[in-house]
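Shown next, in structure tokens, is the structure this report addresses.
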Protein chains: 2
Amino acid sequence: MTQENVFKCNCPLARVTEVIGEPWTLMVLREAFLGTRHFNDFERELGIARNVLSVRLKKLVDLDLLERVRSETDRRAVEYRLTDASRDLLPILVGLAQWSGKWLCEGHSATRFVERATGREIPRIAVRAVDGRELAARDVTMVPGPDANPELVARFERAVTAAGDVQGG
Amino acid sequence: MTQENVFKCNCPLARVTEVIGEPWTLMVLREAFLGTRHFNDFERELGIARNVLSVRLKKLVDLDLLERVRSETDRRAVEYRLTDASRDLLPILVGLAQWSGKWLCEGHSATRFVERATGREIPRIAVRAVDGRELAARDVTMVPGPDANPELVARFERAVTAAGDVQGG
DNA sequence: CATTTTAGGTTGCAATTTGCAACTCATACG
DNA sequence: CGTATGAGTTGCAAATTGCAACCTAAAATG
């Protein structure tokens with residue numbers, strides 16, 4: 001079975017692996033956030049193979065995470081631009097970078113995220129309740145949503161029965 | 001060039017692709033959050049090939065994102081447990097699921113994240129300034145950190161010069 | 001206006017990674 | 001003792017990646 005077929009349901013995390021769960025896609029999005037717009041620039045900055053880059057960009061455009069626009073000033077050139085959907089990924093990218101800096105780079109981060117206006121460091125991304133309280137892993141649980149299929153509901157029941165609800169901590 | 005070699009620096013987002021930027025790893029972590037602990041259960045729930053699962057678990061253990069513990073009650077069995085580092089990934093997983101539900105599943109999410117105590121939906125994960133204000137993409141910028149190598153600093157300078165600073169919006 | 005360069009790809013091929021089934025090895029169960 | 005189970009490993013076919021070369025249209029150059 002391939003990753004894309006896991007729970008053919010609308011499980012959001014399964015769907016997301018379609019995007020960032022394959023090599024290069026996350027780095028391509030990072031480049032786009034850094035201002036890169038052109039095919040050759042993505043290639044040069046990342047060192048990604050051109051055929052793979054081609055496939056990745058197509059997929060991102062398909063998913064409405066990049067917009068492919070012909071340049072007005074140079075009719076050879078094409079611009080890949082962030083969309084509302086990909087811009088909305090920013091908290092995730094910041095959070096991933098913070099997490100990685102802490103746990104994978106042992107605090108030696110080569111990049112920092114700061115508030116543009118003040119230059120102050122962005123505080124750690126957190127899960128908060130409606131009233132603003134910060135929540136720990138053990139305070140959060142995953143439940144089947146309105147569009148869960150019976151298979152997934154059964155899967156959750158198994159998990160709850162076997163493991164005493166979601167094990168966040 | 002392979003993805004892992006991009007900027008051999010400590011760029012946190014580049015490092016993170018080593019973990020979740022390859023097939024299955026994110027789903028394995030999701031399973032762990034759902035309470036799965038055993039090799040055969042990961043295989044059955046995800047439908048992942050056993051050899052690939054083996055490689056993924058080894059890597060996650062290497063990176064201290066899972067802990068491999070021999071079961072006390074059954075000496076054949078092994079438990080893969082979340083660590084402090086992987087538990088700290090929760091905000092990211094919640095954020096990714098929220099984002100995906102909104103932009104990839106068109107609102108038809110099969111899973112929801114709720115506060116365990118109250119059952120109330122977790123609000124959208126956001127980037128906030130130190131004073132708590134929510135920040136948009138255009139309010140955030142990436143800058144070289146204390147451990148950036150000259151190559152990365154140059155890369156940022158190019159980006160700033162060429163694109164008028166980081167293009168978040 | 002002929003020539004060269006540039007932008008954005010595609011193609012072919014070798015190397016790596018994945019998917020699948022079968023096999024191993026140690027322990028548990030009956 | 002015989003069988004089943006947990007946690008892998010092994011071998012092989014299929015898919016994906018990395019690399020270099022090639023292509024086409026549109027600038028730029030002289």
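Note on naming: letters A, B, ... go to the chains in the order of the sequence lines (proteins, then strands), and numbering restarts at 1 for each one.
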Using side-chain contact (heavy atoms from CB on, under 4.5 Å) as the criterion, point out the one residue from B/L82, B/T83, B/V55, B/V19 that pairs with B/L60.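 Single pass found, and it is B/V19.
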Would the distance check show the side chain of B/S86 and the main-chain N or O of B/L65 forming a donor-acceptor pair, the cut-off being under 3.5 Å?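 Confirmed, B/S86 side chain pairs with B/L65 backbone.
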Donor-acceptor check, side chain of B/S71 to backbone of B/V78, threshold 3.5 angstrom: yes or no?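 Absent.
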Can a side chain N or O of B/W24 be found less than 4.0 Å away from OP1 or OP2 on C/dG19?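 Checking B/W24 against C/dG19: at least one side-chain N or O falls below 4.0 Å of OP1 or OP2.
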Between [N] atom [atom2] and [X] atom [atom1], what is the distance in whole Å?
X	N	atom1	atom2	result
B/E72	C/dA28	CD	P	13 Å
A/E43	D/dG18	CD	C1'	12 Å
A/I48	D/dT17	CD1	P	9 Å
A/E22	C/dT18	CD	P	12 Å

Do A/E115 and A/E121 have side chains that get closer than 4.5 Å, going by heavy atoms?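 They are not in contact (no side-chain heavy atoms under 4.5 Å apart), so the answer is no.
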Any chance you could lay out the side chain to side chain contact (heavy atoms under 4.5 Å, CB included) test for B/R124 and A/D88, step after step, and finish with the verdict? CA-CA 11 Å; B/R124 179 175 165 283; A/D88 200 29; 2.7 Å; yes
Could you run down nucleotides 4-12 of chain D 5' to 3' and tag each one B, S or - for protein heavy-atom contact under 4.0 Å? -BBBBBBB-
Taking the nucleotide of DNA chain D with the nearest heavy atom to each, does A/R75 or A/A49 sit closer to the 5' end? A/A49
Where the side chain of B/P23 is defined as all heavy atoms beyond and including C-beta, which of C/dT27, D/dG18, C/dT18 is the nearest nucleotide? C/dT18
Please name the pair of heavy atoms, one in B/T141 and one in A/R116, separated by the smallest distance, quoted to 0.1 Å.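 Minimum heavy-atom separation between B/T141 and A/R116: CG2-CA, 4.1 Å.
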Hey, does A/R70 reach any base, or is it just sugar-phosphate, or nothing, if we go heavy atoms under 4.0 Å?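 The residue A/R70 makes no contact with any strand.
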